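In listed order, ligands and their atoms are each counted from 1. The structure presented is a predicted model; accordingly, all values stated were derived computationally and were not measured.
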Amino acid sequence: MTIFSKIIAGDIPCYKVAEDDKFFAFLDINPLAKGHTLVVPKQEVDYIFDLSDADLAAMHVFAKHVALAIGKAFPCKKVGEAVLGLEVPHAHIHLVPMQSEKDLLFSNPKLKLTDEEFKEVAEAIRKAL
Ligand code: 5GP
């Protein structure tokens with residue numbers, strides 16, 4: 001079981017943003033910006049491009065709704081989308097509010113948010129959904 005499957009199952013805590021029968025969204029614990037969210041399929045697949053065409057398309061539609069809510073909660077030029085998957089072998093889309101392209105550099109220092117701040121960020125996105 002991947003760490004993300006344990007999060008989806010509720011065995012590991014997270015700051016949940018959204019869920020449907022196939023996908024789950026929660027805050028990245030090492031955010032590049034306030035609102036940095038991960039969208040993952042409940043199906044345990046490592047490489048995102050191993051998903052079926054239908055599931056990959058549905059994952060992006062789910063991510064779109066989350067991204068629009070992030071943009072409302074955290075005004076920005078655009079919400080950027082990135083797929084790396086070099087650390088956790090469970091497909092995921094990063095959604096990051098951007099003011100400039102530099103905000104999507106994964107080599108940037110990550111924000112250190114308190115538990116209270118993470119809760120506020122997740123709540124703000126959920127309210128905007
Ligand atoms: P990637 O696999 O895309 O290179 O990076 C994995 C991402 O997942 C990283 O941005 C990392 O901060 C995030 N991450 C890793 N483990 C956890 C975790 O247990 N909880 C949360 N919320 N995020 C995690």
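With a heavy-atom cut-off of 4.0 Å, K110 does not touch ligand 1 at all. At a heavy-atom distance under 4.0 Å, no atom of F118 approaches ligand 1. Heavy atoms of I12 found under 4.0 angstrom from ligand 1: none, in either backbone or side chain. If you look at I3 next to ligand 1, the close heavy atoms, those under 4.0 Å, all belong to the side chain. Under 4.0 Å from ligand 1, not a single heavy atom of Y15 appears.
Residue H94 places at least one N or O, backbone or side chain, under 3.5 Å from an N or O of ligand 1. Of the N or O atoms in L38, none lie within a sub-3.5 Å distance of an N or O in ligand 1. Any N or O atom pair closer than 3.5 Å counts here, and L86 shares at least one such pair with ligand 1. Residue L84 has no N or O atom closer than 3.5 Å to an N or O atom of ligand 1.
Between H92 and H94, the distance separating the two ring centers is shorter than 6.0 angstrom.
With respect to atom 1 (P) of ligand 1, the closest heavy atom belonging to the protein is H92 NE2, 3.3 Å. Of all protein heavy atoms, the one closest to atom 24 (C) of ligand 1 is I29 CG2, 3.8 Å. Among protein heavy atoms, atom 18 (C) of ligand 1 sits closest to I7 CD1, 3.9 Å.
Close approach of ligand 1 to F26 (heavy-atom distance below 4.0 Å) involves ligand atoms 21 (C), 22 (N).
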